[in-house]
Amino acid sequence: MLDKKLLIKSPDIVKKNLLTRGYIFNDDFWNNLEQERKIAQVNLETNQENLNKLSKEISKVKDDETLIEQASLLSSLVKQDKEILQSIQNKIEEFLLDIPNLIHDSVPVGEDETFNEVIEEVGDIPNFSFDPLDHSFFIEKSDEGRGAKIAKSRFSALSGDLAKLHRVLGQFMMDIHTNDHGYEELYVPYLINKTSLIGTGQLPKFEDDLFKLNGNTDLYLTPTAEVPVTNLHRDEIFKAEQLPIKYVCHSPCFRSEAGSYGKDTKGLIRQHQFDKVELVKICHPDASEDEHLKLIEDACKILELLELPYRKVILSSGDTGFSATKTVDLEVWFPSQNTYREISSCSNFSDFQSRRTNLKFKADKGNKFCHTLNGSGLAVGRTLAAILENYQTEEKSFSYPKILNKYL
RNA sequence: GGAGAGGUGGCUGAGUGGUUGAAAGCGCUCCCCUGCUAAGGGAGUAUGUGGUAAUCCCGCAUCGAGGGUUCGAAUCCCUCCCUCUCCGCCA
């Protein structure tokens, strides 16, 4: 949610900014709505004030027929005014919830992912003396179609070494982030309500991407731990010295993957269910750019310890997600595809989610909205896939990163 | 799932139709006094929002959430959510 005051004061700035992500801000619609709101609100509050005064009169005089009659009339007027204002405010709310976050100055402008910019490449791309196999070769050997049998396509059942490697990877990442990077570990619900999803920006716009539970409930399967973790402190006010808050959470994630038919159908790249270790920060607005850099480093560290070649990519304005002001993706090398694939997405949401979740801190002059950040540290399934690809041997087998020895 | 109790400001806790946005206490902030690891006195201390650019001023809203009754609701009625106790069930 954007700052209403900014929308009122400088709609042109907002419009220009949002255009860089291909969003057309309807300023005429907004201005009219805001005008209407102002008139309706002043009208209601004036009538309410008069009614309150009258009621006080009545309480002093008691049983004054004419006064009560007057008040009765005014009361019905106030009731009408309330309905009018409410309907305008509903429209405003609906409109505001649909507007994406502003793009940060440092983000390259461009309409789609072709304008993304590689910041840095780290690690040496492996040189195989044979044609590297797609990681799905190993997955399929383990799964044998059973994930699809017991659930449906885009689900995998891993066994033996792969299942163990998968478990160990999650644990390894958690250990690094809690022990070396100072994040507090969380365990959270995997079913989350609508309010939480609105808070982080998945709803109302992206309902199709989610699995919703049937029955008399507003619960959804969590698409990322970002949702429960960021919402953990909803409607809370921090002391300035409590910030930054740093959380890490290992959780399964569920996504409908609507609209990705035919894409990455094999292997672990695009599943309805996958595990992810998520880093979430809540911080002072002045600190968010710095905290973003550190968060990216924390995620990179995992790739480096696993000795996987990767690159950092800053997303262009057009490719940056709805809630983010700036996003840096980490992409890991996939030899079979001869390309880098996303394994982590680290975003700064500025105060966008804080406004939606009412997440504040005590500042010198009143309470201010915090900034929120998050990033994968890392997606576990994709990490497993990357290891299978980069550590494969000519004998159609694979080895492990040294750092995992103590776990295996 | 059954039966009962309850949700009030940072916390404890009064308040069952009319200056109650809310007593009192604790905590916190500032001032005074005193002078030594403390005590006493005074003042202040919710949030959101509108009029406005404003941290002043004035108004409106908020006592779990949403409706209703009423001139007027923290107080009465309805629905929902949550917490606690006992029973049942269960990992």
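Computation of the quantities below employed the complete heavy-atom set of this structure, encompassing side-chain atoms and omitting hydrogens, waters and symmetry-equivalent molecules. The sequence lines fix the lettering, A, B, ..., with proteins before strands; numbering per chain opens at 1.
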Distance between [atom1] atoms of [N] and [M] (Å, rounded):
N       : M       : atom1 : result
rA23(B) : rU8(B)  : C1'   : 12 Å
rC28(B) : rC11(B) : C1'   : 11 Å
rC87(B) : rC77(B) : P     : 30 Å
rG21(B) : rG2(B)  : C1'   : 40 Å
rU70(B) : rC86(B) : P     : 43 Å
rG17(B) : rU75(B) : P     : 12 Å
rU37(B) : rU19(B) : C1'   : 47 Å
rA74(B) : rA61(B) : P     : 10 Å

query = If you take all heavy atoms of R234(A) and S196(A), which pair is closest and at what distance?
reply = NH1-OG, 3.1 Å
key: Nearest heavy-atom neighbours spanning E389(A) and Q337(A)   = OE1-N, 4.4 Å
Any Lys/Arg nitrogen of [X] or [Y] sitting under 4.0 Å from an Asp/Glu carboxylate oxygen of the other?
X       : Y       : result
E94(A)  : K91(A)  : no
E278(A) : K276(A) : yes
D209(A) : R255(A) : no

request  = Map E69(A) and V42(A) onto RNA chain B by nearest heavy atom, then report which one ends up closer to the 5' terminus.
outcome  =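 Nearer the 5' end of the strand: V42(A).
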request  = Hey, which sits more toward the 5' end of RNA chain B by its nearest nucleotide, Q86(A) or N358(A)?
outcome  = N358(A)
Give the nucleotide from the list [options] with an atom nearest to the side chain of [X].
X       : options                   : value
K360(A) : rG50(B), rG72(B), rG48(B) : rG48(B)
K38(A)  : rG18(B), rG51(B), rU69(B) : rG51(B)
R37(A)  : rG72(B), rG51(B), rG59(B) : rG51(B)
S72(A)  : rG48(B), rC71(B), rG68(B) : rC71(B)

Determine which nucleotide pairs with [N], using a 3.5 Å limit on both distances of a Watson-Crick or G-U wobble pair.
N       : result
rC60(B) : rG48(B)
rA91(B) : none
rG72(B) : none
rU19(B) : none
rG4(B)  : rC84(B)
rC36(B) : none
rC26(B) : rG10(B)

Within the pair [X] and [N], is there a side-chain N or O less than 4.0 Å away from OP1 or OP2?
X      : N       : value
Q48(A) : rA61(B) : yes
K60(A) : rU19(B) : no
T46(A) : rC60(B) : no
N52(A) : rA61(B) : yes
K5(A)  : rA53(B) : no

Please state how far atom [atom1] in [X] lies from atom [atom2] in [N], giving the value in whole angstrom units.
X       : N       : atom1 : atom2 : value
L51(A)  : rU19(B) : CG    : P     : 15 Å
N43(A)  : rG51(B) : CG    : C1'   : 14 Å
E34(A)  : rU49(B) : CD    : C1'   : 12 Å
N47(A)  : rG51(B) : CG    : P     : 17 Å
R356(A) : rG48(B) : CZ    : C1'   : 19 Å
F369(A) : rG48(B) : CZ    : P     : 8 Å
K53(A)  : rG18(B) : NZ    : P     : 22 Å
K239(A) : rU45(B) : NZ    : P     : 20 Å

ask   = What about Y247(A) and H233(A), are their ring centers closer than 6.0 Å?
value =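 Under 6.0 Å, so yes.
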request  = May I ask you to check whether F398(A) and H135(A) place their ring centres under 6.0 Å from each other?
outcome  =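 Ring centroids of H135(A) and F398(A) are no less than 6.0 Å from each other.
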query = What is the nucleic acid contact for I58(A), judged by heavy atoms within less than 4.0 Å: base, sugar-phosphate only, or nothing?
reply =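 Contact class for I58(A): base.
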task = Report which part of the nucleic acid D64(A) touches: base, sugar-phosphate, or nothing (heavy-atom distance under 4.0 Å, all strands).
result =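 Answer is nothing: D64(A) stays at 4.0 Å or more from every strand.
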ask   = Quick one: does E45(A) reach the base of rG59(B) with a side-chain donor-acceptor pair under 3.5 Å?
value = yes
message = Tell me whether D175(A) at atom CG has more than 12 heavy atoms from other residues, nucleotides or ligands lying less than 6.0 Å away.
response = yes
